[in-house]
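Here the structure is a predicted model, which is why all the values come from computation and not from measurement. Note that ligands are numbered from 1 as they come in the structure, with each ligand's atoms numbered from 1 the same way.
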Amino acid sequence: MSPIVLVGPGKDLVEAHRLLQQMRPALRFCYPDDSLAQAAEVAICWAPPSGSFARLPQLKLIHSVGAGADPIIREPSRPASAAVCRIVDPGHCQGMLEYVLWGVLHYHRRFDQILANQSQQRWERLTQHGAQQTRVGVMGLGQLGKAAAEQLARLGFATRGWARSAQPLPGVATFTEAQLPDFLDGLDILVCLLPLTERTQGILGAETFAHLTPGAALINCGRGGHLRVDDLLGALASGQLRGALLDVFEQEPLSREHPLWSTPGVTVTPHIASSASLSVIAEQILTNIDRQQAGLPLFNRVDTALGY
Ligand code: NDP
């Protein structure tokens, strides 16, 4: 078979390469600068540098090492005829669920306020509310959002979910794309688990925040491109939002000078909400390589027109 080209950069890519080679010693890997790459039919990447695919004329499959394929889809040199696939690790849901639950409980039980009080040696017993009084909305009801929304509903939160199409879920009030204002109206906590597409870029902005209950909180685990940072800073300053838990950023790592590090009410985590296991990444890529070679339909194929 033709060599497989690794289109950097990315730590996951280096680790995936090592494991793939171990699992299939017969496979040949190369980098885009290598003359062998001209013949490559399969590329593996996370965030391809601009113009990467222009030098790879034979590509038939571009496989992401992550759950999202947005940097691949946005890359202008991507050949339209090549299939794009992503990783779907059922274990991913557990990590994301833990992260989202931590964030929801943090705001629901007002630990943000309690920690702020501690820094001022202030003893204040805040009134507790039942979970059913906290309205939590999950944007995106795919592999990850569905699991989070279902679990939040099971814990008693007044849970809503938003997806492009109708996605009925037990215990969750679900809304379609056109029903965005109804979904947002009066939410106490908004969780973003959307893919980054042309339609979702910048969706976490002033217009969205204005629908939430004053003093609401935001949890963004989708992509940095969903958030309009200036709008967030404005909403925090006005009190429309009281806090934001952010795991993803337009530029990662977040630069040391970025205002988000030190904005009161903002918690920054370094894109750690959930990661797919390396063995699942390697197994799914190998399975799809085999299927591509055999002319079979690929697993976890991204709809490049929709962007996810
Ligand atoms: P899926 O592709 O399985 O699901 C995407 C969901 O978003 C679907 O429910 C889809 O609707 C919905 N959606 C897409 N476009 C729109 C739109 N325009 N309006 C309303 N809803 C929309 O994705 P996953 O659940 O696997 O992952 C979601 C995202 O989470 C990833 O794309 C990635 O950005 C992020 N992620 C973050 C991680 C982290 O550690 N922070 C780790 C892994 C992923 P429908 O059901 O109708 O198709």
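For ligand 1, the atoms closer than 4.0 angstrom to any heavy atom of Val248 are 41 (N). Which parts of ligand 1 touch His92 is read off a 4.0 Å heavy-atom cut-off, strictly below it: atoms 42 (C), 43 (C). Near Ala67, meaning under 4.0 Å from any of its heavy atoms, are these atoms of ligand 1: 43 (C), 44 (C). Within the listing of ligand 1, atoms 18 (N) sit less than 4.0 angstrom from a heavy atom of Arg199. Which parts of ligand 1 touch His271 is read off a 4.0 Å heavy-atom cut-off, strictly below it: atoms 39 (C), 40 (O), 41 (N). Residue contact check: Trp162 has heavy atoms under 4.0 Å from atoms 19 (N), 20 (C) of ligand 1.
Within the structure, the closest approach of Asp247 to ligand 1 falls below 4.0 Å when heavy atoms are considered. Put simply, no part of Thr197 is less than 4.0 Å from ligand 1, judged by heavy atoms. Note on ligand 1: Met139 sits outside its first shell, no heavy atom being nearer than 4.0 Å.
Put simply, the residue from Val172, Leu105, Asp188 that forms a side-chain contact (heavy atoms from CB on, under 4.5 Å) with Phe157 is Leu105. Checking Gln121, Gln120, Gln113 one by one against Asn117, the side-chain hydrogen bond (donor to acceptor under 3.5 Å, both in side chains) holds for a single residue, Gln113.
Counting protein heavy atoms only, atom 15 (N) of ligand 1 is closest to Tyr308 CE2, 3.7 Å. Protein heavy atom nearest atom 46 (O) of ligand 1, with residue, atom name and distance: Gln167 NE2, 2.7 Å. Annotation: atom 5 (C) of ligand 1 to nearest protein heavy atom, Pro195 CD, 3.6 Å. In this structure, the protein non-hydrogen atom closest to atom 38 (C) of ligand 1 is Met96 CE, 3.5 Å. Nearest protein neighbour of atom 13 (N) of ligand 1, counting heavy atoms only, is Leu194 CD2, 3.8 Å. Considering only non-hydrogen protein atoms, atom 4 (O) of ligand 1 sits nearest to Gly142 CA, 3.1 Å. For atom 24 (P) of ligand 1, the nearest non-hydrogen atom of the protein is Arg86 NH1, 3.9 Å. With respect to atom 11 (O) of ligand 1, the closest heavy atom belonging to the protein is Arg164 N, 3.1 Å.
Residue Val88 does not touch ligand 1, judged by heavy-atom distances below 4.0 Å. Residue Asp70 does not touch ligand 1, judged by heavy-atom distances below 4.0 Å.
Residues Tyr107 and Arg242 bring no donor and acceptor atom of their side chains to less than 3.5 Å of each other. Defined by atom type and a distance below 3.5 Å, a donor-acceptor pair is missing between the side-chain atoms of His106 and Asp112. With no hydrogens or angles considered, a side-chain donor-acceptor pair links His226 and Thr200 at under 3.5 Å. Donor-acceptor pairing under 3.5 Å is lacking for the side chains of Ser238 and Gln240. Using modelled atom types, one finds a donor on one side chain and an acceptor on the other under 3.5 Å when comparing Gln179 with Thr176.
The closest donor-acceptor contact from the side chain of Asp247 to the backbone of Asn220 lies at 3.5 Å or more, if one exists at all. Checking side-chain atoms of Gln151 against main-chain N and O of Leu97 turns up no donor-acceptor pair under 3.5 Å.
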Full working for side chain to side chain donor-acceptor pair (under 3.5 Å) between Thr134 and His129: CA-CA 8 Å; Thr134 296; His129 300 286; over 6 Å; no
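No N or O atom of Ile272 sits closer than 3.5 Å to an N or O atom of ligand 1.
Of the candidates Ala273, Cys221, Gly68, Cys221 brings a heavy atom nearest to atom 36 (N) of ligand 1.
Here Trp102 pairs with Tyr99, Leu245, Thr267, Thr269 under the side chain to side chain contact (heavy atoms under 4.5 Å, CB included) rule; sequence neighbours left out.
Contact of the Phe209 side chain with the Asp231 side chain is registered, since non-hydrogen atoms from C-beta on lie closer than 4.5 Å. Using a 4.5 Å cut-off on side-chain heavy atoms (C-beta onward), Asp185 and Leu212 make no contact.
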